[in-house]
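For the numbers below, each heavy atom of this structure counts, side chains included, while hydrogens, waters and symmetry mates do not.
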Amino acid sequence: MATTASAVEESTPYGPDLYIGLALSIASSVFIGSSFIIKKKSLLALGKAGGTRAGAGGYGYLRYWLWWAGLLSMGFGEALNFIAYAFAPATLVTPLGALSVIVTALLSQYFLGEILNILGKVGCALCLLGATVVVIHAPQETEVSSMEDLKAKLVDPVFMVYVAVVVAASLLLIIHFGPRYGTRNVTIYIAICSLIGGFSVLGCKAIGLAVKETIQGKNEFTNWITWFSLMSLIVCVCTQMNYLNKALDIFNTSLVTPIYYVFFTACVILSSAMLFKEWKGLPAKDVIGVLSGFCTVVIGIFILHAFKDMDITWTGMSTMLMAGGVSESRRNSTEDTGNEVTPLSEEEEGLITSEPLSYGSNKRVY
């Protein structure tokens with residue numbers, strides 16, 4: 001009987017709380033996606049006013065109430081995310097951050113004048129699809145029933161080696177690569193945010209566990225692990241905000257948000273797997289599912305990045321196809337009549353010689 005009960009429990013690893021966690025995560029994505037737009041508006045206003053931009057090391061954006069509104073929106077979204085971690089595992093909640101990519105991409109068109117072409121929209125759709133696949137096949141989180149269990153996992157040699165590697169890589173990016181390539185390569189600042197941010201989720205889980213045990217009657221706020229987790233969370237969040245502001249000030253919002261999502265989600269899942277051993281015993285079909293979901297997201301990010309400077313619309317694609325058909329028919333006619341060449345019309349020649357446009361970089365509406 002005990003074996004049967006155990007099998008039933010394993011077949012339904014998540015209870016009704018799962019849906020609460022998912023709802024909170026979706027709401028969190030809406031607020032976080034909106035915060036990117038609000039903070040970007042304040043950074044643009046600072047640039048127009050002639051202040052030292054965040055990308056150049058300035059902190060003039062702190063004088064703008066709009067930036068603080070964006071910070072509050074992000075803080076509220078992160079608070080909802082924090083609560084969601086108490087109801088669902090990190091590897092299930094974090095991938096839903098892909099929804100913030102959709103929110104930011106849509107709002108950036110209306111409030112920042114950043115043009116998102118057809119391929120950009122396809123890329124956003126692929127990000128959402130990949131995140132859904134990751135959620136479906138996400139590994140089950142190993143249960144941590146007490147702060148003592150968490151303490152034992154924190155001193156695990158494998159996790160400590162992982163922490164040392166991540167800290168060393170972050171310091172190398174901050175000290176060496178950031179000052180040299182940060183303003184030219186979008187992945188530098190985002191990598192710093194993501195590597196450090198992977199630990200912030202673990203801090204959220206630890207604090208959530210401490211609050212849960214305190215409510216149940218055991219005061220965990222006298223435990224040093226709780227305060228260590230809180231201080232680590234504050235340091236991680238401050239570092240994230242600093243370098244995320246730099247990336248937002250220099251690069252296109254529709255580009256920063258999805259790349260940040262991919263890097264951050266990967267780091268969170270890796271950190272959580274190292275601490276909670278979530279991938280141990282994971283079925284092969286779920287491993288393939290998670291990898292396929294991430295590959296789908298990466299393809300979406302590639303489409304967003306590779307074709308961001310092309311002005312591609314449904315009308316333009318139809319016109320180009322029609323022009324290609326006309327050119328093919330004229331070429332066939334030329335082959336039939338000899339070497340006579342028929343000049344292209346002005347419309348067709350304009351399609352060939354027109355310069356590509358960039359969404360967000362040169363066309364903004366204030």
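Using cut-offs of 30° and 60° for the angle between ring planes, the Tyr260 and Phe264 rings count as parallel. The aromatic rings of Phe159 and Phe199 stand perpendicular to each other, their planes meeting at an angle above 60°, with 30° marking the opposite boundary.
Contact annotation: the side chain of Val186 approaches that of Ile259 to within less than 4.5 Å [non-hydrogen atoms, C-beta and beyond]. Side-chain contact between Ile174 and Ile192 is present, with at least one heavy-atom pair separated by less than 4.5 Å. Residues Met160 and Asp156 have side chains not in contact (no heavy-atom distance under 4.5 Å, counting atoms from C-beta outward). Here the side chains of Leu275 and Tyr162 are not in contact, with every heavy-atom distance at 4.5 Å or above. Met241 places a side-chain heavy atom less than 4.5 Å from the side chain of Leu71. Side-chain contact between Ser271 and Val201 is absent, with no heavy-atom pair separated by less than 4.5 Å. Thr222 places a side-chain heavy atom less than 4.5 Å from the side chain of Asn219. Ile190 places none of its side-chain heavy atoms less than 4.5 Å from the side chain of Phe251.
Atom CD1 of Ile299 and atom CZ of Phe294 lie 13.5 Å apart (nearest 0.5 Å). Atom OG of Ser292 and atom CG of Leu129 lie 10.5 Å apart (nearest 0.5 Å). Note that OG of Ser229 is 6.0 Å distant from CG of Leu150, once rounded to the nearest 0.5 Å. To the nearest 0.5 Å, atom CG of residue Leu171 and atom CG of residue Leu195 are 10.5 Å apart.
The nearest pair of heavy atoms linking Leu244 to Cys193 is N-SG, 3.3 Å. Closest non-hydrogen pair, Gln240 versus Ser200, comes out as OE1-OG, 3.4 Å.
No more than 12 heavy atoms of other residues, nucleotides or ligands sit less than 6.0 Å from atom CZ of Phe228.
Val167 and Val155 fall into different hydrophobic clusters, where Ile, Leu, Val, Met, Phe, Trp and Tyr residues are linked whenever their side-chain heavy atoms come under 4.5 Å apart, directly or through other members.
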